[in-house]
Amino acid sequence: MVTVFQEPITAEEIKAKVRDLGADLVGIADGEVLNQHPPDPANPKRPSDITDHDAGRVIVIAKRLTAGTTRLTRWDERHKYYNDELVLNALEMLSLELVLWLEDRGYPALIVPPTHVDPRDYNGDPAASLGPVLSLEHAAVEAGLGTLGLNQMLLTPEFGPRVQLTAVLSSVPVDCDARIAESLCRGPACGRCLSACPGDVIGHWDRDWEACDTYRSPHGFNALADHIGRIIDEPDIQKKKAMLRSEDQFYLWQSILRGAGVVTGCRRCQDVCPVGDDYPALADALDAIPEDNDDKRARLAAMLADEAKGVLPASYLAARRWIGAPAGPEDEGA
Ligand code: SF4
Ligand code: SF4
């Protein structure tokens, strides 16, 4: 871009604009740092894979989830799916406004929405978990917005994990934010996310992403492929017709219409996390965890005992740059 067309601009001016547009949190990461530290080096997803020219900065934007829906304790509550989808809509609109504002000042920009997966990763298995083109949780850590928790969700000081994210790429030459060094997560001594998880998919600084997808995208592509497959396989024509009019089909249709239940779904782990300035106002509805059981408590105790001995799983070691140093063990210069 020819610099004569560019107005001088600062990081603070960008952040003020983003907040004016309705965002709750905003941070700026160095695109080159993200290029050098892909979360999965075997399958790197870098800003430079999206654009050669306009990924110098990654502006990560967060909007909080509504407290009223967080206080609904069922994981499969459609009010949550719809409300979260509306938060996502608002994020998309405000990030588009930011792109246009930056471009009016001479800085080409583009949006990386959280729902955009790389179609090149699809291998014909609808159950396989597909990652986004850029991990916004990791970008948010690089932009100083928070750290990753026990199940690798983003935790922020203000809203814990109760946020949605989007990002704008632009090579606008402004200062970047620093990562938060200390882990915000209280680790297995807390473990409330694991205790509450309806699919029991949370491990030791890890998560079974494929199993999680059946909850966080309950009416997504895999559910659609399964449903259509069952209809095709049903030999009885009357039953086949009934399946076309079933509740399953109705939810799939509604979800295709709005994305609710596809790009939004279970967030029980986010709801019960005690991290965040917002949690005290939520606690009366969320402190009790009916999904907890002896087996989950025993696994958390075993994790805690391992950490007390300085034994950390490979999942932590691979992600410690973004998790930060948990209480106890030394961080070896991530
Ligand atoms: S989104 Fe739901 S299923 Fe996935 S880890 Fe969180 S609580 Fe468990
Ligand atoms: S619920 Fe507890 S263990 Fe889970 S991410 Fe939050 S602080 Fe960490």
Side-chain angles (χ1 to χ4, degrees), residues 63 65-66 68-93 95-96 111-133 135-136 151 153 161-162 164-166 193 196-202 207-272 285 290-291:
K63 203 160 172 60
L65 298 170
T66 59
T69 51
T70 297
R71 288 160 60 81
L72 300 174
T73 55
R74 271 181 51 176
W75 76 265
D76 57 349
E77 173 60 74
R78 288 188 69 82
H79 292 297
K80 293 170 87 120
Y81 303 168
Y82 274 94
N83 276 260
D84 292 359
E85 209 267 329
L86 293 173
V87 172
L88 192 56
N89 281 354
L91 260 181
E92 288 171 347
M93 292 311 295
S95 52
L96 177 61
I111 301 166
V112 185
T115 52
H116 184 196
V117 297
D118 188 342
R120 291 170 301 180
D121 287 344
Y122 184 63
N123 65 2
D125 176 7
S129 188
L130 295 184
V133 290
S135 169
L136 299 188
N151 65 350
M153 63 184 169
R162 291 166 289 277
Q164 284 192 348
L165 299 170
T166 187
C193 49
C197 176
D200 202 2
V201 305
I202 297 176
R207 175 184 334 193
D208 178 341
W209 292 96
E210 196 167 302
C212 175
D213 279 351
T214 62
Y215 295 86
R216 64 185 177 141
S217 181
H219 306 302
F221 182 59
N222 188 32
L224 179 68
D226 277 354
H227 180 68
I228 293 173
R230 282 193 296 274
I231 294 175
I232 291 170
D233 291 343
E234 175 53 58
D236 183 315
I237 194 71
Q238 292 309 325
K239 285 185 183 164
K240 211 188 268 283
K241 280 186 181 172
M243 289 166 85
L244 286 172
R245 297 170 174 80
S246 65
E247 189 176 278
D248 280 352
Q249 175 105 342
F250 179 73
Y251 284 145
L252 286 163
W253 172 77
Q254 273 204 324
S255 297
I256 290 168
L257 207 60
R258 288 301 300 257
V262 178
V263 296
T264 54
C266 177
R267 58 169 163 102
R268 184 80 176 124
C269 48
Q270 295 164 261
D271 298 345
V272 300
E291 301 93 335

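Here the structure is a predicted model, which means the values were calculated and not measured.
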Point to revise | Smallest separation among heavy atoms of S217 and V262, with atom names | key: OG-O, 2.9 Å
Exercise for review: Give the minimum heavy-atom separation between A196 and V272, together with the two atoms involved.
Suggested key: CB-CG2, 3.7 Å
**Study point:** Inter-residue atom distance H227.NE2 - L252.CG, 0.5 Å rounding
**Key:** 5.5 Å
Review point. Should E234 and K240 count as an ion pair when the cut-off is N to O under 4.0 Å?
Key: no
Review point. So do E291 and D200 actually touch side chain to side chain, heavy atoms under 4.5 Å?
Key: no
Review point. Checking side chain to side chain contact (heavy atoms under 4.5 Å, CB included) for the pair L72/H79: CA distance, chi angles, key distance, verdict?
Key: CA-CA 9 Å; L72 300 174; H79 292 297; 3.9 Å; yes
**Study point:** K63 and L165, any side-chain heavy atoms less than 4.5 Å apart
**Key:** no
Exercise for review: Supply the atom-to-atom distance T264 OG1 to D84 CG, rounded to the nearest 0.5 angstrom.
Suggested key: 5.5 Å
Check your understanding: Would a 4.5 Å heavy-atom cut-off, applied to side chains only, mark Q254 and R258 as touching?
Key -> no
Practice item. Quick one: pull up CD1 in I231 and NZ in K239 and give me the separation to the nearest 0.5 Å. Key: 14.0 Å
Practice item. Could you tell me whether the side chain of W75 reaches within less than 4.5 Å of the side chain of C197, counting heavy atoms only? Key: no
**Study point:** Identified salt bridge (Lys or Arg N to Asp or Glu O under 4.0 Å) counterpart of D76 within the set R74, R78, K80
**Key:** R74
Exercise for review: Assess the side chains of T70 and R267: does a donor N or O sit below 3.5 Å from an acceptor N or O?
Suggested key: yes
Check your understanding: Less than 4.5 Å apart, any side-chain heavy atom of D248 and any of R230?
Key -> yes
**Study point:** Reported CE-to-CZ distance for the pair M153 and R216, which is rounded to 0.5 angstrom
**Key:** 12.0 Å
Exercise for review: Check whether any side-chain heavy atom of I228 sits under 4.5 Å from a side-chain heavy atom of I232, and report yes or no.
Suggested key: yes
**Study point:** CG on L65 to CG on D271, rounded to 0.5 Å
**Key:** 8.0 Å
Point to revise | Short side-chain to backbone donor-acceptor contact, S255 and Y251, under 3.5 Å | key: yes
Review point. Do T166 and V112 touch side chain to side chain, with heavy atoms closer than 4.5 Å?
Key: no
Check your understanding: Hey, are the side chains of Q164 and P114 touching, using non-hydrogen atoms and a 4.5 Å cut-off?
Key -> no
Check your understanding: Any donor and acceptor pair, going by atom type alone, linking the side chain of R207 with main-chain N or O of I202 inside 3.5 Å?
Key -> no
Exercise for review: Work out which heavy atom in A260 is nearest to a heavy atom in E85; give both atom names and the distance.
Suggested key: N-CG, 3.9 Å
Practice item. Nearest 0.5 Å please: distance from the CD atom of Q270 over to the SG atom of C193. Key: 10.5 Å
